[in-house]
J.: 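Take a look at this one; I'll ask things after.
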Amino acid sequence: MTALPFLLSSGPETFMASGVVERVRFARGAGLPAAVAACFAGTQAEDPHGVLVGAIPFDRARTLELLRPERVTRSATWEAAWAAHGGSAPQSSDDAQHGAFVPGVWHVVPQPTRAQYEAAVARATAHMVDDAEAAAADPLRKVVLSRSLQLNSTAPIDIRRLLARLRLDPSVTTFATPLPATPDGAARSLVGATPELLVAKSGRTVSSHPLAGSTRRRLVAADDRAAAEALLRSDKDQREHAAVVEAIADVLSPYCSSLDFARSPALVSTATMWHLGTRITGQLRDDAVSSLELLDVVHPTPAVCGVPQPRAQSLITELEGFDRDYFTGAVGWCDARGDGRWMVTIRCAEIAGTRARLYAGAGIVIGSDPAGEGAETSAKFETMLRALSAQEVLARAHRPVAAPAGEPQHA
Ligand SMILES: C=C(O[C@H]1C=CC=C(C(=O)O)[C@@H]1O)C(=O)O
């Protein structure tokens with residue numbers, strides 16, 4: 001196996017696809033179900049031609065571009081998956097054999113700087129307070145603001161080793177997918193370890209497991225538990241979370257004869273973060289509905305955009321100042337039966353040669369503290385930074401080495 005395969009790996013299953021038969025494009029919206037049906041016409045879910053895989057960008061205005069792979073496998077183990085595609089499975093123990101992950105140093109450019117990010121959070125909350133005070137008809141209730149770190153290494157990034165490290169956390173889904181090449185023609189991949197299920201469909205059952213409301217894990221067990229309990233009691237985080245569950249339930253209910261979810265969220269943990277999460281499960285009225293159609297209607301949820309969506313979207317464009325591209329989109333697969341699984345593309349990086357672009361965001365509501373949201377995004381960066389052996393990037397606070405002129409460098 002030479003090219004990087006498509007990979008979606010969680011505890012029970014490693015879904016892998018390799019080779020490209022063709023690239024398939026769909027415009028979002030009303031015409032999508034018919035286009036998907038036409039694309040799968042005459043194929044069987046069991047044969048690789050009956051499967052599409054890939055990632056979709058955050059921006060709803062962009063077309064969906066997916067791959068029809070040559071070979072698709074669903075394996076019970078990591079090792080079996082790689083073997084089925086003619087390769088050996090990368091292991092974290094490879095580190096002992098091959099030495100340092102990146103020989104040399106990382107060079108980092110934050111975009112925006114953490115200080116600029118915190119100023120944007122303050123502006124977003126000011127908009128919400130203004131709306132509330134003016135009793136606006138459709139007030140801005142939530143917006144998710146993110147920031148990015150552009151890392152450059154002195155050697156090419158070994159994506160196989162990166163994947164082996166990311167999957168050490170059993171609570172996440174490790175993923176990798178090829179992306180369209182960069183403008184200068186370099187091969188590009190999206191690699192990450194996401195904890196969030198956007199939507200899955202299996203037969204008549206649809207499910208989603210949104211996360212919103214977060215705090216970083218603590219080293220000392222008692223502190224960690226206290227942080228989790230404080231998150232569960234936090235009014236700000238509960239509001240942040242409720243907006244997401246409400247929106248997903250609203251969108252899925254017309255498709256469902258029944259839809260179940262708990263009225264209050266549960267704690268969900270990864271190696272680096274605590275989150276509030278709610279599992280939503282429904283029975284579809286029509287089991288022929290495609291997971292791509294469900295993805296199209298549900299994305300972007302307020303876990304990545306906001307409420308009301310159009311206002312949140314334009315505030316994101318105004319305040320973030322960079323293109324999210326595939327960050328806060330989705331990665332997954334769909335077969336000829338419509339079954340499929342789509343995860344939210346967070347805790348991820350776009351990798352091209354020696355470059356890694358990392359992203360992290362946080363939900364902002366009235367009561368959000370800019371410094372707290374800045375710290376939350378720093379904590380979220382840690383998943384990828386640790387796997388890249390680049391943790392020191394966060395420790396280089398205020399070192400003006402690689403920051404834009406005049407800006408303190410504070411990751
Ligand atoms: C946008 C991100 O997180 C979203 C998903 C989970 C929790 C979130 C939060 O607590 O703000 C965000 O809505 C990210 O991790 O980069």
Side-chain angles (χ1 to χ4, degrees), residues 57-58 114 117 120-121 124-125 141-149 166 169 171-173 175 190-198 208-217 227-228 230-232 234-248 265-279 298-307 309 312-313 316 319-320 322 324-331 342-350 357-370 372-385 411:
F58 168 68
R114 181 160 155 183
Y117 175 78
V121 171
T125 51
R141 285 170 51 208
K142 174 173 179 180
V143 63
V144 178
L145 291 180
S146 63
R147 61 194 184 102
S148 77
L149 299 176
L166 288 171
D169 180 355
S171 61
V172 297
T173 295
F175 66 88
L190 190 71
V191 177
T194 175
E196 186 166 3
L197 171 65
L198 179 57
S208 177
H209 192 188
L211 307 177
S214 309
T215 192
R216 73 173 321 135
R217 301 290 305 269
L231 176 66
L232 210 43
S234 155
D235 170 63
K236 178 210 82 121
D237 290 284
Q238 289 278 350
R239 279 184 285 122
E240 217 182 298
H241 188 81
V244 186
V245 176
E246 231 172 74
I248 295 178
L267 287 166
V268 172
S269 65
T270 70
T272 46
M273 300 298 296
W274 284 107
H275 296 294
L276 298 181
T278 298
R279 200 169 282 284
V298 96
H299 171 79
T301 76
V304 295
C305 186
V307 187
Q309 194 187 105
Q313 177 72 69
I316 287 169
L319 294 179
E320 281 186 352
F322 66 93
R324 287 190 184 185
D325 220 354
Y326 289 85
F327 168 63
T328 58
V331 60
W342 295 93
M343 305 295 297
V344 183
T345 45
I346 51 173
R347 315 300 143 75
C348 60
E350 203 184 283
R357 179 157 201 153
L358 278 59
Y359 304 86
I364 314 302
V365 292
I366 287 181
S368 287
D369 161 43
E373 304 300 338
E376 181 176 319
T377 49
S378 286
K380 288 172 171 173
F381 278 133
E382 275 183 32
T383 301
M384 291 307 296
L385 289 174

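Keep in mind the model is a prediction, meaning the values are calculated, not measured. Note that ligands are numbered from 1 as they come in the structure, with each ligand's atoms numbered from 1 the same way.
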J.: What pairs with Lys142 under salt bridge (charged side-chain N to carboxylate O under 4.0 Å, His left out), at least two apart in sequence or on another chain?
T.: none

J.: Run the salt bridge (charged side-chain N to carboxylate O under 4.0 Å, His left out) test against Arg217 and tell me which residues pass, sequence neighbours left out.
T.: Asp224

J.: Which N or O atoms of ligand 1 sit under 3.5 Å from a protein N or O, and how far apart is each pair?
T.:
| unit_1 | atom_1 | unit_2 | atom_2 | d |
| --- | --- | --- | --- | --- |
| ligand 1 | 3 (O) | Lys380 | NZ | 3.3 |
| ligand 1 | 10 (O) | Gly213 | N | 2.8 |
| ligand 1 | 10 (O) | Ser214 | N | 3.4 |
| ligand 1 | 10 (O) | Ser214 | OG | 2.5 |
| ligand 1 | 10 (O) | Glu240 | OE2 | 3.4 |
| ligand 1 | 10 (O) | Glu376 | OE2 | 3.3 |
| ligand 1 | 11 (O) | Glu240 | OE2 | 3.1 |
| ligand 1 | 11 (O) | Gly363 | N | 2.8 |
| ligand 1 | 11 (O) | Glu376 | OE2 | 3.3 |
| ligand 1 | 11 (O) | Lys380 | NZ | 3.4 |
| ligand 1 | 13 (O) | Ala303 | O | 2.5 |
| ligand 1 | 15 (O) | Arg347 | NE | 2.8 |
| ligand 1 | 15 (O) | Arg347 | NH2 | 2.7 |
| ligand 1 | 16 (O) | Gly361 | N | 2.8 |

J.: Establish, from distance only, whether the side-chain atoms of Thr272 and Thr383 form a donor-acceptor pair under 3.5 Å.
T.: yes

J.: Which word best sums up how the rings of Phe327 and Tyr359 line up, parallel for under 30°, tilted for 30 to 60°, or perpendicular for over 60°?
T.: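 Parallel: the ring planes of Phe327 and Tyr359 meet at under 30°.
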
J.: Going by distance alone, is a donor N or O of one side chain under 3.5 Å from an acceptor N or O of the other, for Ser378 and Arg147?
T.: yes

J.: With sequence neighbours excluded, tell me which residues meet salt bridge (charged side-chain N to carboxylate O under 4.0 Å, His left out) with Asp325.
T.: Arg62, Arg188

